[in-house]
Number of protein chains: 2
Amino acid sequence: MNRRCTRQKQIILRVISGDGVHMTADEVYAAVRKEDPEIGLATVYRNLNLMCEEGRIQKVSDNGVSFYDGNPAPHDHFVCRICGTIMDAPTTYDRALDAAVEEAGGVIVDRHSIIFSGICSECMEKQKEKEKEKWS
Amino acid sequence: MNRRCTRQKQIILRVISGDGVHMTADEVYAAVRKEDPEIGLATVYRNLNLMCEEGRIQKVSDNGVSFYDGNPAPHDHFVCRICGTIMDAPTTYDRALDAAVEEAGGVIVDRHSIIFSGICSECMEKQKEKEKEKWS
DNA sequence: CTTCGTGCAAATTATTTGCATGGCA
DNA sequence: TGCCATGCAAATAATTTGCACGAAG
């Protein structure tokens with residue numbers, strides 16, 4: 001599975017790989033097209049899905065919006081409800097939570113996903129600016 | 001906002017309300033149609049969205065699948081990767097996590113969502129059955 | 001009565017799939 | 001050279017929206 005190393009795969013992986021990179025499929029598509037305008041959206045989706053299965057990247061979804069995360073290691077996320085940006089949360093992924101749920105619920109837990117939502121520091125700044133303008 | 005109390009709203013709210021109730025929009029649609037076969041899918045969506053905004057229910061999404069939860073209080077969830085069932089997790093919603101992220105990240109956190117995934121007890125049983133069959 | 005909510009169908013959005021062809025191994 | 005991966009377009013799936021009509025207040 002995923003044997004052949006095509007030019008498209010290399011470009012997509014280069015674009016999405018790396019710690020702190022979070023992109024929607026369309027963003028990946030747009031970025032990849034700068035290097036190869038002939039590439040198709042379906043190819044981007046196919047390869048992103050493949051890379052998720054291979055554990056090279058991961059997919060993070062929040063309320064209908066999906067992001068591909070260049071860092072496959074489990075970690076938590078923060079989403080700004082103003083600008084929609086997603087970023088890594090400054091937390092330590094806590095595997096102990098899973099064990100607690102297994103014990104209390106009589107289930108097997110493979111993993112968990114924590115998504116914090118609120119307002120990012122940039123949007124906080126912008127809001128402060130607007131407040132100032134009102135008074136000037 | 002949502003002034004009129006229509007028959008449709010009453011039925012939808014009755015179907016979705018309650019602790020432990022998690023349904024997809026289609027499931028709500030199917031259930032509601034048993035009481036009123038004339039009801040439209042768009043009406044179901046419109047009202048579920050309204051009730052979310054009003055804080056009467058909440059929407060929970062996991063990797064592209066959305067559930068409406070009859071209990072609006074923040075709490076964690078568990079999703080079975082075999083049968084897809086979603087249920088409340090046997091955990092205590094921890095508001096302290098939000099404060100930690102606020103402090104470490106310089107952001108405002110309104111809430112968080114934790115979704116555990118794994119195998120539910122029913123699916124575990126079924127797997128055991130299959131194992132036995134192999135040996136009998 | 002007036003205006004909001006509904007039902008229906010069409011429109012959107014995000015993603016997947018079928019198929020003929022080109023390109024890695 | 002053989003078969004997988006690609007590009008394109010069409011197919012799906014989930015949800016939203018426009019509009020004329022019916023019903024709640």
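Every chain is numbered from 1 and lettered A, B, ... according to where its sequence line falls, protein lines coming before strand lines.
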Starting from [atom2] on [N], measure out to [atom1] on [X] and report it in whole angstrom.
| X | N | atom1 | atom2 | result |
| --- | --- | --- | --- | --- |
| B/L48 | D/dA14 | CG | P | 15 Å |
| B/R3 | D/dG25 | CZ | P | 12 Å |
| B/N47 | D/dT16 | CG | P | 12 Å |
| B/L41 | C/dG7 | CG | P | 11 Å |

OP1 or OP2 of [N] versus the side-chain N and O atoms of [X]: is any pair under 4.0 Å?
| X | N | result |
| --- | --- | --- |
| A/N49 | C/dT16 | yes |
| B/T6 | C/dT6 | yes |
| A/Q8 | D/dG7 | yes |

Exercise. Base, sugar-phosphate, or nothing for B/S66, non-hydrogen atoms under 4.0 angstrom?
Worked result: sugar-phosphate
For this session: Answer with base, sugar-phosphate or nothing: what part of the nucleic acid does A/R7 contact at a heavy-atom distance below 4.0 Å?
Result: nothing
Exercise. Pick from B/T92, B/T91, B/D19, B/D88: which one makes a side chain to side chain donor-acceptor pair (under 3.5 Å) with B/H75?
Worked result: B/D88
For this session: Measure from the side-chain N and O atoms of A/K9 to the backbone N and O of A/R4, and report whether any donor-acceptor pair falls under 3.5 Å.
Result: yes
Exercise. Distance-only, no hydrogens or angles: does the A/Q58 side chain make a donor-acceptor pair with backbone N or O of A/A73 under 3.5 Å?
Worked result: yes
Counting only side-chain heavy atoms from C-beta out, which of [options] sits nearest to [X]?
| X | options | value |
| --- | --- | --- |
| B/Y45 | D/dT16, C/dT15, D/dA5 | D/dT16 |
| A/A42 | D/dA9, D/dG18, C/dA14 | D/dA9 |
| A/R46 | D/dG25, C/dT17, C/dG7 | C/dT17 |
| A/D36 | D/dG7, C/dG7, D/dA14 | D/dG7 |
| B/R4 | D/dA24, D/dA5, C/dT15 | D/dA24 |

Exercise. Between A/Y93 and A/H112, what is the ring plane arrangement, given parallel below 30°, perpendicular above 60°, and tilted in between?
Worked result: parallel
